[in-house]
Amino acid sequence: MAARINEHYLKLKSSYLFTEIARRVKAFQEAHPDARVIRLGIGDVTQPLPPAVIRALHEAVDEMARPETFRGYGPEPGYEFLAELIAAHDYGARGVRVATDEIFVSDGAKSDTGNIQEIFGTECVVALTDPVYPVYADSNVMAGRTGSVDTAGRYERLVYLPCTADNGFAPALPSRPVDLIYLCYPNNPTGAVLTRDALAAWVEYAHRHGAVLLYDAAYEAYIREPHIPHSIYEIEGARDVAIEFRSFSKTAGFTGTRCAFTVVPKEVQGRAADGTPVSLNPLWLRRQSTKFNGVPYIIQRGAAAIYTDDGRKQVRGLIDYYMENARIIREGLEAAGLRVYGGVNAPYIWLKTPPGLGSWDFFDVLLRDAHVVGTPGSGFGPSGEGYFRLTAFGRREQTEEAVSRIKTRLAL
Ligand code: PLP
């Protein structure tokens, strides 16, 4: 008997998007060796870690050198010192009650948004927005929850919630009952946010249908407008129906350092086959304790430094830096006559491609005329066709140069 593979993996779409981008950029550079290509497609940050974090990392390294302060295996859900800071600053300060044993420190919102589906049955019907961060779909494909994929790239058992300019990038409630709903606000890739009323409608839907909301707030720190909720738990009743994902990656430059957290309130429940309600918090604790070793002590000390006075100031500085990039891109593209969305409460700028140009056509024009690389919206889902994503995570000079080229050279 040969080792049988998990055949659901064969249903995954190839990561065509980024390989195709790389292929086209390489071909362009070979044909134009003198062109200075600027990449505004990246989802990674470019500024270094804040000094307060660096200091804390050094101190924690020194602790590891002495027998009396050395740390080995840590608690899988994270050290109490970090959970207390998260509970106080990320939630308490906004009037939200989250207990430390509801906070699970992890190595990334990618891992957690990908793994969370494991604690749910394979028969659950999954809804996600279109366009979407691909991890939500792919992790459910791997688990066998989606059925096969059609030629337009849609899986037969996934429920897609289109987000386009027509609905202000706010998904309508599903027209058929669903069990798990992935929402991401501020949104990657559209840069959209949801108002308190829109979020309340989702919480109400989840209560009515016994569904669970999987709320990805990885970009929460970029919210600028005061009336926009930062956490799903700012909505009444959300503790009964929602799991929230946060990350230090884009907030404090931890994309390479790795630290994030997930909140699973004690009230949120699923159901066993006989209908018995089951609390999800102990299930997630069990999953993490079995399969995850916890985030290194050193890294958690670095993350804790974000909450010091200096750390908070420095993080605010980082976010201001990227949001100034967002403003430069948004205003520059508008001046170039493009229709632009996002970039106000999010580091993503989502633009409508000019009439007659699809997402990939616009990619080619931008590369040819301005030598700027972005991401075709169609790569995030069928409803992303006719849109294009630029990110604010570049360095300032490159961002300014890219926008100036777009304004002066783009022949639309
Ligand atoms: N969620 C969204 C919507 C993202 O865009 C990203 C990263 O690009 C992540 C999660 C991953 O975050 P992390 O670096 O914490 O794994």
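Each residue takes its place number in the sequence, starting with 1. Indexing begins at 1, ligand by ligand and atom by atom, following the structure's order. FYI, side chains are in, hydrogens and waters are out, and symmetry mates aren't considered; it's all heavy atoms of this structure.
- The contact set between ligand 1 and C184, taken as ligand atoms under 4.0 Å from a residue heavy atom, comprises 3 (C).
- Residues that satisfy the ring pair (Phe, Tyr, Trp, His ring centres under 6.0 Å) test with F261, not counting sequence neighbours, are F248.
- In this structure, Y219 counts as a contact residue of ligand 1, since one of its heavy atoms falls inside 4.0 Å of the ligand.
- Considering backbone and side-chain atoms together, K250 places an N or O closer than 3.5 Å to an N or O of ligand 1.
- For the pair R301 and F81, the distance from NZ or CZ to the six-membered ring centre is under 6.0 Å and the angle to the ring normal is within 45 degrees.
- When heavy-atom distances to ligand 1 are checked against a 4.0 Å cut-off, A109 comes that close through both its backbone and its side chain.
- When only non-hydrogen protein atoms are considered, atom 9 (C) of ligand 1 lies nearest to Y133 OH, 3.3 Å.
- Annotation: cation-pi pair R396/Y321 present, NZ/CZ under 6.0 Å from the ring centroid and within 45° of its normal.
- For the ligand labelled ligand 1, residue D216 lies inside the 4.0 Å heavy-atom shell.
- Considering both main-chain and side-chain atoms, S249 comes within under 3.5 Å of ligand 1 through a nitrogen or oxygen pair.
- Under the 30°/60° scheme for interplanar angles, the aromatic rings of Y348 and Y219 are found to stand perpendicular.
- If you check which protein heavy atom lies closest to atom 15 (O) of ligand 1, you get S247 OG, 2.6 Å.
- Among the atoms of C259, none of the N or O lies under 3.5 angstrom from an N or O of ligand 1.
- In terms of N/O distances under 3.5 Å, ligand 1 is not approached by Y136.
- Using 4.0 Å as the threshold, G43 has no heavy atom nearer than that to any atom of ligand 1.
- Side chain to side chain, D90 and Y307 meet the donor-acceptor criterion of an N or O pair below 3.5 Å.
- Within ligand 1, counting atoms from 1 as listed, the ones closer than 4.0 Å to a heavy atom of R258 are 13 (P), 14 (O), 15 (O), 16 (O).
- E59 and R55 are not joined by a salt bridge, as no carboxylate oxygen comes within less than 4.0 angstrom of a charged side-chain nitrogen.
- Under the side chain to side chain donor-acceptor pair (under 3.5 Å) criterion, S231 pairs with E244, sequence neighbours left out.
- Ligand 1 places these atoms under 4.0 Å from at least one heavy atom of K110: 11 (C), 12 (O), 13 (P), 16 (O).
- Between the side chains of N188 and R389, at least one donor N or O lies within less than 3.5 Å of an accepting N or O.
- Of all the atoms in ligand 1, the ones that sit under 4.0 Å from a non-hydrogen atom of G108 are 15 (O), 16 (O).
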Q: Step by step, work out the salt bridge (charged side-chain N to carboxylate O under 4.0 Å, His left out) result for R224 and D320.
A: CA-CA 10 Å; R224 288 292 164 103; D320 287 348; 2.7 Å; yes
